[in-house]
Amino acid sequence: MKKVENYYAEFDRKENLKFDSKVVHGALGCDPISGSVSFPIFQTATFRHRDFEISTGYDYSRLQNPTRQELERTMAILEEGAQAFAFTSGQAANMAVFDYLKRGEHCLLCDDLYGGTHRIVEDIFKVNGIEISYVDMFDAEAVRKAMRPNTKMVFLETPTNPMMKVGDIRGIAKVAHEGNALFVVDNTFMTPYFQRPLTMGADIVVHSGTKYLCGHNDVVAGIVVIKDEELTHHFQVQLKSLGSGLGPMDSWLIIRGIKTLSLRMKKHNENAKAVAEWLRKHPKVKKVYYVGFEDHPGYELNLSQASGFGGMISFELDSAESARKLLSNVKMILFAESLGGTESLVTYPITQTHEDVPDDVRRALGINEAFIRISIGIEDAEDIINDLEQALNS
Ligand SMILES: *Cc1c(COP(=O)(O)O)cnc(C)c1O
């Protein structure tokens, strides 16, 4: 089909702007036709052809929609990648990533992993003939030793969920590429505000857009960003065939969320530091897992690849009873799954996010009945601390 002039085709990557301005102005930012300052929600399934063999560049929303495209372009700009793809969830994004692997190939993953990612590789890809193994990715040499001749993908979360272990992005990128494997980083916890893995050698960045990118606990979404155009075809086929592209309304909500990403991440970071320091001194708290402590084993490594620590903290209480009390008695803080929103949320990994991870694996990591994960919101830090205090003492 011939194409007529597409007013949405050209966009500026805004390389002259700083990150805090890029999040506000996105790719096109305004609607190039009407001037609408808020990018329009193209709530349509299909697009009219003006004439025989004429297309505007948009044919059907499963393939592409201008609102989803604005989000994808914005994410490509922020992560400094060639292209991005927006999915209906982080899980759908991860499915599209792992579907790159063929039967008989091997995927090496970090040993502490989001529960849903563990479920994808164990219950779907391993069953379909992909070899799966795990290694602690703090040390790139350990990753090198765990590589196999058929390793085609290395997958890292840093910091990890929920143990806050740090993986060596630059070191692993080298090891993966020497073995001709793709290197994927789940950047959900840090976001491009703090950490840009594609600039340090990663080939793919994946996000649960549900978390900090959205930021308001009101949309489920996923994002993939690729470093080079070469992988474009793989992800376009995934979106076109599986139909897992994010809808226009949800895409718009994520675009809107991203506009305040910098402000929110700054506040999450500040609040988490204050809460982590307070938790550490509390007599009922046995251990605090927080990347921003100078004595955290990954502190230096994290600072060599990220400009902050994020808003996530995990901690172990003195007993399962204390954990139960805390979860039952928080008032402002909400006992709920998920993370990265404006509201502080406490989660109980053993029965929530990590329910499907085998018990011996969980216990080896330190996830037990006294273990809590908290996503620090953007409320006043003092209110978060006061709420934790009253819940622990009730
Ligand atoms: C939540 C999460 C996912 C899954 O994303 P959904 O949007 O819930 O499908 C993947 N990885 C990490 C690190 C997450 O926190």
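Side chains are part of it too, since the values below use all heavy atoms of this structure and drop only hydrogens, waters and symmetry mates. Atoms within each ligand, like the ligands themselves, are counted from 1 in listed order. In what follows, residues are counted from 1 in the order of the sequence shown.
- With respect to atom 10 (C) of ligand 1, the closest heavy atom belonging to the protein is Tyr114 CD2, 3.4 Å.
- Side-chain polar atoms of Glu70 and Ser251 form no donor-acceptor pair below 3.5 angstrom.
- At under 3.5 Å, not a single nitrogen or oxygen of Leu339, backbone or side chain, sits near a nitrogen or oxygen of ligand 1.
- From the protein, the heavy atom lying nearest to atom 12 (C) of ligand 1 is Asp186 OD2, 3.5 Å.
- Of the charged side-chain nitrogens involved, none lies within less than 4.0 Å of a carboxylate oxygen, so that Lys102 and Glu105 do not count as a salt-bridged pair.
- The distance criterion of under 3.5 Å between nitrogen or oxygen atoms is met by Ser208 with respect to ligand 1.
- Between Asp360 and Arg363 there is no salt bridge, since none of the side-chain N atoms of the basic residue sits less than 4.0 Å from a carboxylate O of the acidic one.
- Remark: minimum distance from atom 9 (O) of ligand 1 to any protein heavy atom is reached at Gln91 N, 2.9 Å.
- By the 6.0 Å and 45° rule, Arg280 stacks over the aromatic ring of Phe293.
- If you run side-chain hydrogen bond (donor to acceptor under 3.5 Å, both in side chains) between Glu131 and each of Arg148, Lys126, Arg103, Lys152, only Arg148 comes through.
- Among the candidates Asp111, Asp139, Asp112, the single residue satisfying the salt bridge (charged side-chain N to carboxylate O under 4.0 Å, His left out) test with Lys165 is Asp111.
- For ligand 1, the atoms sitting less than 4.0 Å from at least one non-hydrogen atom of Gly90 are 5 (O), 6 (P), 7 (O), 9 (O), numbered in the order shown with element in parentheses.
- Of the charged side-chain nitrogens involved, at least one lies within less than 4.0 Å of a carboxylate oxygen, so that Arg68 and Glu72 count as a salt-bridged pair.
- Polar contact with ligand 1: absent for Thr117 (N/O pair, distance under 3.5 Å).
- Set against the non-hydrogen atoms of Thr210, the atoms of ligand 1 under 4.0 Å away are 6 (P), 7 (O).
- Heavy-atom distances between Gly340 and ligand 1 stay at or above 4.0 Å for every pair.
- Salt bridge status for Lys266 with Asp20: present, with a side-chain N to carboxylate O gap under 4.0 Å.
- Using a 4.0 Å cut-off between heavy atoms, Ala221 contacts ligand 1 through its backbone alone, with no side-chain atom that close.
- Atom 14 (C) of ligand 1 has its closest protein heavy atom at Lys211 NZ, 3.0 Å.
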